[in-house]
**Student:** 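If you scroll down you'll find the structure; I have some questions about it.
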Number of protein chains: 2
Amino acid sequence: MTAAPVQPGDAAAARAGSYPKGVARRQEILTRAIEVFAAKGLEGTSLRAIAEAIGVSHAALLHYFPSREELLIEVLKANETRFNATDAERDPTEIVGIMTNAAHRNVGIPGMVSLYSSMLAGSIEEGKEYSREYFSGRFERLRAKLVSRIQIGQAAGTVRTDLDPEALAALVIAASDGLQVQWLLDPKVDIAGSLELLDVILAPAQEKK
Amino acid sequence: MTAAPVQPGDAAAARAGSYPKGVARRQEILTRAIEVFAAKGLEGTSLRAIAEAIGVSHAALLHYFPSREELLIEVLKANETRFNATDAERDPTEIVGIMTNAAHRNVGIPGMVSLYSSMLAGSIEEGKEYSREYFSGRFERLRAKLVSRIQIGQAAGTVRTDLDPEALAALVIAASDGLQVQWLLDPKVDIAGSLELLDVILAPAQEKK
DNA sequence: GTCTATAGGGCGATAGAC
DNA sequence: GTCTATCGCCCTATAGAC
């Protein structure tokens with residue numbers, strides 16, 4: 001890692017096109033790919049179809065990304081990063097709200113939910129180690145983020161202290177993921193309405209009549 | 001459609017092999033297919049691979065099932081039916097317990113969870129109307145079943161009455177689905193532990209100290 | 001009725017020309 | 001750095017043997 005590569009730790013980016021020109025082109029392809037997925041979803045997204053929509057050959061795509069799998073995961077990563085900045089600005093005691101917000105952002109671009117779900121389902125299978133690593137890491141990261149917020153809430157007295165933060169974090173994430181898919185299949189499913197029920201779990205013993 | 005077809009409404013079964021011999025053979029293939037998926041998951045399940053594992057040609061499979069998609073959905077349906085009988089016997093006031101039970105049954109056969117998730121993700125895409133219809137119907141059915149149990153609980157005073165049964169049902173299902181996938185990616189996720197938190201939502205205002 | 005054999009078109013991936 | 005050509009595999013469809 002010498003002259004002008006990208007971030008030292010970014011193995012995927014370094015694998016091909018590690019120098020200025022290549023990096024720029026890679027970014028451009030990624031950006032265009034996100035647009036394509038957002039608009040059309042995963043429907044018939046062969047390497048050839050993606051390449052055509054972008055205006056290159058499918059072999060050119062494979063010059064920048066070692067496989068279809070890695071290209072698609074990079075699209076998810078880029079889309080995730082794009083929104084993470086927003087979350088940091090939010091009230092650090094929010095727990096369900098942060099997921100509701102994310103869920104609504106996602107269903108606004110159904111293609112991304114479709115891509116996310118498909119890659120997640122695929123990541124369980126053998127031979128999809130790259131996907132598996134991404135999703136393992138993503139869930140780990142997301143749970144840690146929520147656990148931290150839950151603990152802040154517990155210390156502040158706004159969240160019941162008799163609940164396991166890890167179990168709660170996993171639950172909130174699972175509910176958010178699951179509701180997005182149900183909503184895509186049937187828009188009468190009320191994502192926010194269902195997620196808000198989780199606030200009932202969080203609230204300390206209430207002085208309810 | 002003349003002599004001895006199966007149930008008139010069962011379009012999928014009627015499409016091919018509508019006669020006693022064919023129906024039996026179809027069932028046999030389905031049973032074998034379930035075993036294959038349970039053991040190996042969705043990994044490399046081309047029609048040819050499934051056919052080989054069962055011991056027939058891939059064309060023979062297509063004689064009984066009009067497409068790979070429909071075969072796979074039939075596998076899910078058969079697997080679902082297999083367990084539905086068990087649920088009917090359970091305590092009719094159970095809500096979270098019924099899902100915890102189902103979730104644990106599922107993670108015992110990871111291949112089925114993998115198949116389920118993949119087909120569910122795929123069902124969102126265009127051209128997968130058969131899958132979409134199955135999952136729409138399944139979620140509708142499942143929500144209705146839970147709504148009924150929730151309403152019984154509300155009438156009996158064991159469930160808070162200020163919660164929307166529909167929203168609650170969708171939440172419980174979403175959480176169960178999402179947790180199964182998280183568990184497959186990271187076994188330290190405690191499915192039952194997380195789902196049990198939902199019981200806190202259900203309980204009426206407690207006389208907690 | 002049940003199944004085998006075969007053909008068409010698309011896929012991801014690779015090799016090598018320019 | 002990007003392309004064309006090609007490989008082996010896949011799903012689907014169909015003709016016709018038994």
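Chain naming here is simple, since letters A, B, ... match the order of the sequence lines and numbering starts at 1 in each. Just so it is clear, the model here is predicted, and its values are computed rather than measured.
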**Student:** What is the distance, rounded to the nearest whole Å, between atom CG of Leu71(A) and atom C1' of dC11(C)?
**Tutor:** 15 Å
**Student:** Nearest whole angstrom, please: distance from the C1' of dC3(C) to the CD1 of Ile54(B).
**Tutor:** 15 Å
**Student:** For a quick check of understanding: with a heavy-atom distance under 4.0 Å over all strands, which category does Val56(B) fall into, base, sugar-phosphate or nothing?
**Tutor:** nothing
**Student:** Given dA13(C), dA5(C), dC11(C), identify the nucleotide with an atom nearest to the side chain of His58(A).
**Tutor:** dA13(C)
**Student:** Flag the pair Val147(B) / Glu166(B) as yes when at least one side-chain heavy-atom distance between them is below 4.5 Å, and no otherwise.
**Tutor:** yes
**Student:** Please state how far atom CD1 in Ile29(B) lies from atom C1' in dT2(C), giving the value in whole angstrom units.
**Tutor:** 10 Å
**Student:** Can you identify which nucleotide, out of dA13(D), dC3(C), dC3(D), has its nearest atom closest to the Ala60(B) side chain?
**Tutor:** dC3(C)
**Student:** Starting the side chain at C-beta, find the nucleotide from dC3(D), dA13(C), dT4(C) nearest to Ala59(A).
**Tutor:** dC3(D)
**Student:** Which one, dT12(D), dT2(C), dT14(C), comes nearest to the side chain of Ser67(B)?
**Tutor:** dT12(D)
**Student:** Rounded to whole angstrom units, what separation is found between the OH atom of Tyr64(B) and the C1' atom of dG1(C)?
**Tutor:** 8 Å
**Student:** Check every atom of dT4(C), dC3(D), dT2(C) against the side chain of His63(B) and return the nucleotide holding the closest atom.
**Tutor:** dT2(C)
**Student:** Start with the C-alpha gap between Glu35(B) and Arg32(B), add the side-chain angles, then the distance that decides, and say whether salt bridge (Lys or Arg N to Asp or Glu O under 4.0 Å) holds.
**Tutor:** CA-CA 5 Å; Glu35(B) 290 167 20; Arg32(B) 286 284 296 123; 2.9 Å; yes
**Student:** Out of dC11(C), dT12(D), dC11(D), which has the shortest distance to the side chain of Arg48(A)?
**Tutor:** dC11(C)
**Student:** Tell me: CG of Leu62(A) to P of dG16(C), nearest whole Å?
**Tutor:** 17 Å
**Student:** Whole angstrom is fine here: how far is it from CD in Glu28(B) over to C1' in dT2(C)?
**Tutor:** 13 Å
**Student:** For Tyr64(B) and Gln27(B), which I'm curious about, is there any donor-acceptor pair between the side chains at under 3.5 Å?
**Tutor:** no
**Student:** Of the listed nucleotides (dC3(D), dC11(C), dC10(D)), which one gets closest to any side-chain atom of Ser46(B)?
**Tutor:** dC10(D)
**Student:** Between atom CZ in Arg68(B) and atom P in dC9(D), what is the gap in whole Å?
**Tutor:** 17 Å
**Student:** Determine, using ring centers only, whether Phe135(B) and Tyr116(B) are less than 6.0 Å apart.
**Tutor:** yes
**Student:** Side chains of Ser131(B) and Glu69(B): is there a donor and an acceptor less than 3.5 Å apart?
**Tutor:** yes
**Student:** Is there a side-chain polar atom (N or O) of Arg25(B) under 4.0 Å from OP1 or OP2 of dC3(C)?
**Tutor:** yes
**Student:** Once you round it to whole Å, what is the distance between P of dG10(C) and CD1 of Ile50(A)?
**Tutor:** 17 Å
**Student:** Choosing from dC3(D), dA13(C), dT4(C), which nucleotide comes nearest the side chain of Leu47(A)?
**Tutor:** dA13(C)
